[in-house]
Amino acid sequence: MTEIQKKTLIGCVCAVSCEILFGLSYLFTKKITSDVDAVTLLGWRFLLAFIMMNVLLIAGYININIKKKHLPSLLKIAVLQPIAYFTCETFGIQMTTASESGSIIACIPIASLVASILFLQKKPTRFQTSGICLTVVGVIVCVTAKGFESSFSGIGYIMLCMAVLSYSLYCVSAEKAYKTTSIEKTYVMISCGACFFATMAIARSIAAGTVVDLFMLPFQNTVFLFSIL
């Protein structure tokens with residue numbers, strides 16, 4: 001196996017693993033948002049991710065060397081994903097049915113493809129286009145197999161569409177920021193997500209007088225703990 005083939009194989013395995021985690025994240029979000037508000041879920045999810053990233057950094061498993069001139073592009077990525085995307089996705093999922101949210105979120109590959117054509121001038125091959133369309137159709141068939149339920153939530157639909165848009169723009173922005181490593185992009189995204197969502201969750205808890213409940217939630221609710229893990 002040549003070096004190029006090896007890198008391609010690793011890339012494919014990582015991509016498949018990413019989509020599996022993405023799908024599981026969606027399912028766990030749908031399950032837990034009926035019991036826990038979206039802000040609390042996102043605050044804990046990104047705080048835990050931030051802690052884990054720093055554990056890896058301190059242990060020497062990852063290296064971060066972010067230059068000041070690259071910060072604007074990295075912050076732009078972080079605003080699109082995770083701040084805009086996860087805010088819109090989580091609230092959208094909470095306001096709509098599983099079949100509705102699953103079908104709309106499934107359009108992300110198509111939206112990303114269109115964004116790539118418009119902003120990166122990258123024309124996909126027929127094989128790539130067919131693969132993406134087949135994937136989208138497959139997801140829609142799976143989520144509607146047990147019947148399509150409607151919530152008729154206009155705000156929920158808008159939030160989900162905004163999630164699709166922000167994710168597609170994130171894909172374009174991430175590819176443009178080719179001078180930074182994937183780890184550096186991920187670290188900034190996780191850090192910004194933790195700061196934004198944890199601050200929102202704490203502020204909301206202070207206003208409601210439930211700060212203790214917020215910090216004790218993962219230790220008292222095993223379903224919530226499993227969801228954020």
Side-chain angles (χ1 to χ4, degrees), residues 4-5 7-34 38 41-42 45 77 79-176 182 185-186 189 193 226-227:
I4 294 177
Q5 290 174 326
K7 287 185 177 180
T8 302
L9 178 61
I10 293 173
C12 289
V13 171
C14 288
V16 171
S17 301
C18 174
E19 295 309 314
I20 291 173
L21 289 171
F22 185 89
L24 290 174
S25 172
Y26 162 77
L27 293 174
F28 283 121
T29 298
K30 185 61 185 175
K31 180 179 177 61
I32 200 64
T33 47
S34 59
L41 173 63
L42 290 169
R45 176 184 286 179
I77 292 172
V79 169
L80 291 169
Q81 162 77 319
I83 294 174
Y85 173 76
F86 274 101
T87 300
C88 295
E89 183 207 50
T90 304
F91 281 102
I93 289 174
Q94 195 173 38
M95 296 176 187
T96 59
T97 65
S99 53
E100 288 176 325
S101 54
S103 298
I104 295 175
I105 293 297
C107 296
I108 284 178
I110 292 180
S112 299
L113 181 68
V114 173
S116 178
I117 295 172
L118 292 176
F119 298 106
L120 300 176
Q121 284 75 50
K122 284 191 173 183
K123 188 177 180 180
T125 64
R126 290 184 180 180
F127 182 76
Q128 290 172 325
T129 304
S130 300
I132 290 173
C133 292
L134 182 62
T135 301
V136 173
V137 171
V139 172
I140 293 175
V141 169
C142 287
V143 298
T144 58
K146 293 185 179 180
F148 193 91
E149 299 177 353
S150 298
S151 63
F152 299 106
S153 173
I155 297 177
Y157 299 154
I158 292 173
M159 295 296 281
L160 289 171
C161 289
M162 290 297 292
V164 172
L165 177 62
S166 62
Y167 194 93
S168 62
L169 293 177
Y170 148 72
C171 291
V172 171
S173 299
E175 190 159 346
K176 283 185 175 181
S182 297
K185 293 172 190 173
T186 304
M189 288 164 63
F226 190 65
S227 296

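Keep in mind it's a predicted model, so treat the numbers as computed, not measured.
Applying the salt bridge (charged side-chain N to carboxylate O under 4.0 Å, His left out) criterion to Lys122, with sequence neighbours excluded, gives Glu175.
Interatomic distance, CD1 of Ile10 versus OG of Ser17, reported as 11.5 Å (0.5 Å rounding). Here the OG atom belonging to Ser25 is positioned 5.0 Å from the CZ atom belonging to Phe86, to the nearest 0.5 angstrom. Summarising the geometry, atom CD1 belonging to Ile83 is positioned 11.0 Å from atom CG belonging to Leu42; distances are rounded to the nearest 0.5 Å. If you take NZ on Lys123 and OG1 on Thr129, they are separated by 9.0 Å, rounding to the nearest 0.5 Å. With rounding to the nearest 0.5 angstrom, the CG atom of Leu113 is 4.5 Å from the CD1 atom of Ile117. Between the CE atom in Met159 and the OG atom in Ser166 there is a gap of 9.5 Å [rounded to 0.5 Å].
Looking at Lys185, its side chain never comes within 3.5 Å of a backbone N or O of Ile77 through a donor-acceptor pair.
What you find for Ser101 and Ile93 is that their closest heavy atoms are CB-CG1, 4.0 Å. Here the shortest heavy-atom pairing between Ile132 and Pro109 reads CG2-CB, 3.6 Å. What you find for Ile32 and Ser227 is that their closest heavy atoms are CB-OG, 3.9 Å. Residue Met95 comes nearest to Ser153 through the heavy atom pair O-CB, 3.4 Å, listed as atom of the first residue, atom of the second, then distance. Contact between Gln121 and Leu118 at its shortest, heavy atoms only, is NE2-O, 2.9 Å. Shortest non-hydrogen contact noted between Ile104 and Cys161 is CG2-N, 4.2 Å.
Between Phe119 and Leu169, some side-chain heavy-atom pair lies under the 4.5 Å cut-off.
For residues 79-92, every residue pair satisfying the side-chain hydrogen bond (donor to acceptor under 3.5 Å, both in side chains) rule, not counting sequence neighbours, is listed here: Tyr85-Glu89.
Environment of CG in Leu24: crowded, with over 12 heavy atoms of neighbouring residues, nucleotides or ligands closer than 6.0 Å.
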